[in-house]
2 protein chains.
Amino acid sequence: MPRKVDHRARRELLADALMRLAAARGLEEVSLRHVAAEAGVSTGMVQHYFRTKDEMMAFALGMVMDRIRERSDGAVASATPRELVRGLLCEVLPLDETRRLENHVVLAFLAYAAVKPSIASGLRESAAGMREFLADQLRASGADGIDPERAAAGLLALVDGLGIQVLSRQLTEEAAIAALDSHLALIFD
Amino acid sequence: MPRKVDHRARRELLADALMRLAAARGLEEVSLRHVAAEAGVSTGMVQHYFRTKDEMMAFALGMVMDRIRERSDGAVASATPRELVRGLLCEVLPLDETRRLENHVVLAFLAYAAVKPSIASGLRESAAGMREFLADQLRASGADGIDPERAAAGLLALVDGLGIQVLSRQLTEEAAIAALDSHLALIFD
DNA sequence: CACTTTACATTGCGATTGTATTATCCTCGG
DNA sequence: CCGAGGATAATACAATCGCAATGTAAAGTG
């Protein structure tokens, strides 16, 4: 057996470079050469780990979604359903530099997926998982007079929209949190 | 004087072709040649009416936002503030083919603007106008216990998010309307 | 040591990009 | 009726794209 290398780690290194590029200059600027340069490697190495550009894009998107999900899982250590829901949703909002970058990437991929169906499915199932979790929590909270599924979809859409408005500087972080809390208050109180 | 042509009309013809392309194949596929081919003209003519690609993009975005605003203005013929608000918001949702196309284009430009600040300002002021109008209506409706500004921002974010989820097939049109109505009920009732 | 397999770099090809330049119309004022 | 000048087209150009082919270094197995 020849020299062994952690494939997963290498691919994540390249995907990280892709993320930085996508957040800073948009998905249009993501090319094999630019990713290679950003990662400080040769374009040949990028090709060695991703057979095609699409494969690289799909991997990067999957990585971002996985990270968001992992961080969300870690954040739901609260007791009450309401705090759980708020914690999860806040974890998605671009409230620090890390999540700001992630939101940039997700937005870029949203537009990308609107046109590339093969990419869209990954985005969809990730959102579906969150919606189920939210709906379960809303059911458990026993808020009366609201449809849990519907409210979960609304909350997810609200957080999506808030994220976009924060990214495009239409809203401050504080205003986004305030809007979220208003909505939560309407649901739970 | 040589032959005269309606510049504005020509630019809108080209911008229409750009919109169709952006909606069908994404902003990455928008090039001078593709726009020219879609409009059935030469690339030279595109260059004649737009000195640079950026100028073309900016004009197309402006046109889309203007159309949305005009259509929204026409739709607010309702009596009560609540119906006004609902009418305006529904006008933004991708509920028919025209608005689906527009939403696609706006989403593409959102990602584009996240990276090109010169484009972002147009998007911002358009959203600001809507937010003011919504806040005014909410104030007039005299709903108690809610901050009009905050609720307007929340509604706008919700509709943004719902639009994205409808576009990416995470939600049906009916579910989006239902989520919107749920939110409106929470605010007004 | 011979050999195979993996890791990575370099180079080149054909296509496409935005832009610049040049050429050909067509129309209207003189 | 004619030529000036705007409308439109055709083409050239350098840069960049994704991708494939090819080369080299290194590491493990026989």
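Below, chain A is the first sequence line, B the second, and so on; all start at residue 1.
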Q: Calculate the interatomic distance between A:Met45 atom CE and D:dA20 atom P; express it in whole Å.
A: 19 Å
Q) Atom CZ of B:Arg10 and atom CG of B:Leu14: how far apart are they, to the nearest 0.5 Å? A) 8.5 Å
Q.
Measure OH/A:Tyr49 against C1'/C:dT6 and give the value in whole Å, please.
A. 9 Å
Q: Please state whether the phosphate of C:dC8, meaning OP1 or OP2, lies under 4.0 angstrom from any side-chain nitrogen or oxygen of A:His48.
A: no
Protein-nucleotides 16-19 of chain D N/O pairs closer than 3.5 Å?
residue	atom	partner	partner atom	Å
D:dC17	OP1	A:Ser31	OG	3.1
D:dC17	OP1	A:His34	NE2	3.4
D:dG18	OP1	A:Lys53	NZ	2.9
D:dG18	OP2	A:Leu32	N	3.0
D:dG18	N7	A:Arg33	NH1	2.7
D:dG18	N7	A:Arg33	NH2	3.4
D:dG18	O6	A:Arg33	NH2	2.8
D:dC19	OP2	A:Lys53	N	2.8

(Q) Going by salt bridge (charged side-chain N to carboxylate O under 4.0 Å, His left out), name the pairs with one or both residues in residues 22-44 of chain A, residues two or more places apart or in two chains. (A) A:Arg20-A:Glu38
Q: Send over the distance from B:Arg10 CZ to D:dA9 C1', rounded to a whole Å.
A: 14 Å
Q: Report which part of the nucleic acid B:Phe50 touches: base, sugar-phosphate, or nothing (heavy-atom distance under 4.0 Å, all strands).
A: nothing
(Q) Donor-acceptor check, side chain of A:Lys116 to backbone of B:Gly26, threshold 3.5 angstrom: yes or no? (A) no
Q.
Check the phosphate of D:dG6 against B:His7, side-chain N and O only, distance under 4.0 Å to OP1 or OP2. Yes or no?
A. no
Q.
Can you list everything that forms a side-chain hydrogen bond (donor to acceptor under 3.5 Å, both in side chains) with A:Asp73? Sequence neighbours excluded, please.
A. none
Q) How long is the gap from CZ on A:Phe109 to CG on A:Leu61, to the nearest 0.5 Å? A) 5.0 Å
**Q.** Side-chain touch A:Cys90/A:Leu180, heavy atoms, less than 4.5 angstrom
**A.** yes
